[in-house]
Number of protein chains: 2
Amino acid sequence: MTFDPVADWPAWRDRVVDRLQRDHQRATPQRMRIVETLWHHGHLNVDELHREVRKADASVGYATVYRTLKLLERCGLVNCSNFGDGTARYEVHSGAAEHHDHMICTDCGTIVEFENDAIELLQEEVARSHGYVLKSHRMDLFGICPACQALAPR
Amino acid sequence: MTFDPVADWPAWRDRVVDRLQRDHQRATPQRMRIVETLWHHGHLNVDELHREVRKADASVGYATVYRTLKLLERCGLVNCSNFGDGTARYEVHSGAAEHHDHMICTDCGTIVEFENDAIELLQEEVARSHGYVLKSHRMDLFGICPACQALAPR
DNA sequence: CTACGTGCAAACTATTTGCTGAAAA
DNA sequence: TTTTCAGCAAATAGTTTGCACGTAG
């Protein structure tokens, strides 16, 4: 579950290339730069991602970022979230089984990921008790992170 | 917790008027029509709400619906949610203590509200274990409702 | 040499805002 | 008679798309 962003990058890059080829999609330099940036910085929105990608290649256009993210999402290689600031945020989707939720600091925007099997079981139970077949869920916790608590005590 | 949309309307209307007056905001006919529509139909987005309000008064403008919803939200009289269709959806916020989450049918869009204290406790625990002070949360379950399961068996 | 991918700019969608006249305090 | 509201239309923000040129298979 824990991963080393530097050491694990080659394996992830290969996986992305394979997955794209399977769909007869090309692993272009632009696409790979976007994937790599997202690998190293999670939870970026399109604007932030675009700015970051441009540090490596200033010619990459806004539309390419959007189109690439859509493509990666269709391939199950990235996930999209919405934390209420009006922009979509993306992160790489490392494994099929892995699911996590987010806790967002409402002061500084820091995002922590967490997993909680007990909650997931209870969600299943809620769905079942209403006759629903659960497909997916989204859970975001909003609060104040330790650092911001220290800055504004009381 | 259960409420009768018809019988309980006068009490709610009075509460809205009181709350607005406290903020030196006027309970105009347009605003009250919007509140009443939202009282009778929950989880509407702005477009749907506007269309519904226009059945009673065709002169009400789009901007008024937006501005009224913002106002009501600031007063704690309505809640805003996002279920991933790109539009904000609103519902009346009946009581201070009451909190509920949503389960959405991904086929027909039906929305069921539920409360689960066990999950809320676990959320508190997750926040505490990361040193966060929990302020609020959002949890949406996506699945197939009983009716849609019956329509498309297997 | 054909199909796919890119960058640009224009289009679109949901939401917000400026302005002028109407209406309540 | 001053402040708050409403309706309209124009502006904005995030995202998508059409087009003409490039580039990989």
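Letters go in sequence order (proteins before strands), and every chain restarts at 1.
Taking atom NE2 of A:H50 as the reference point, atom C1' of D:dG14 lies 14 Å away to the nearest angstrom. Per the geometry, CG belonging to A:N82 stands 12 Å off P belonging to C:dT15, to the nearest Å. Between A:D85 atom CG and D:dG14 atom C1' the separation is 11 Å, expressed in whole Å. Rounding to whole angstrom units, CG of residue A:L20 and P of C:dA3 are separated by 21 Å. Rounded to an integer number of Å, the gap from B:L44 CG to C:dA14 P is 15 Å. Taking atom CG on A:N45 and atom C1' on D:dT15, their separation rounds to 12 Å, with Å as the unit. Here C:dG5 presents its P atom at 11 Å from CD of A:Q30, a figure rounded to the nearest Å. Rounded to an integer number of Å, the gap from CZ of A:R26 to P of C:dT6 is 9 Å.
When the nucleotides D:dC5, C:dT16, C:dT17 are ranked by their closest atom to the side chain of B:K70, C:dT16 comes out on top. Looking at the side chain of B:Y62, the nearest of the listed nucleotides D:dC5, C:dT15, C:dG7 is C:dT15. When distances are taken from the side chain of B:R31 to each of D:dA6, D:dT15, C:dA23, the shortest belongs to D:dA6. Closest to the B:Q25 side chain, of the nucleotides D:dT23, D:dC5, C:dT6, is D:dC5. With distances taken from any side-chain atom of A:R67 to the nucleotides D:dG18, C:dA25, D:dC8, the minimum falls on D:dG18. You'll find that the side chain of B:A63 is closest to C:dT17, out of C:dA3, C:dT17, D:dT15.
Side-chain heavy atoms closer than 4.5 Å link hydrophobic residues (I, L, V, M, F, W, Y) into clusters, and following such links, even through other members, never connects A:L69 to A:I111.
Look at B:S59 and you won't find any side-chain N or O under 4.0 angstrom from OP1 or OP2 of D:dA6. Checking the phosphate oxygens (OP1, OP2) of C:dA25, no side-chain nitrogen or oxygen of B:Q21 falls inside 4.0 Å. Checking the phosphate oxygens (OP1, OP2) of D:dT15, a side-chain nitrogen or oxygen of A:Y66 falls inside 4.0 Å. The shortest distance between the side-chain N/O atoms of A:T28 and the OP1/OP2 oxygens of C:dC4 is not below 4.0 Å. Dashed line: the shortest gap from a side-chain N or O of A:T64 to OP1 or OP2 of C:dG7 is under 4.0 Å.
Taking the six-membered ring where the residue is Trp, B:H100 and B:H43 present perpendicular rings, their angle passing 60° and hence far from 30°. Taking the six-membered ring where the residue is Trp, A:W39 and A:W9 present tilted rings, their angle falling between 30° and 60°. Relative orientation of the A:F83 and A:H102 rings is perpendicular, given thresholds of 30° and 60° on the angle between their planes.
Taken to the nearest 0.5 Å, the CG atom of A:L49 stands 5.5 Å off from the CG atom of A:L38.
Checking B:P29 against B:D47, the closest nucleotide of DNA chain C that is more toward the 5' end is the one next to B:D47.
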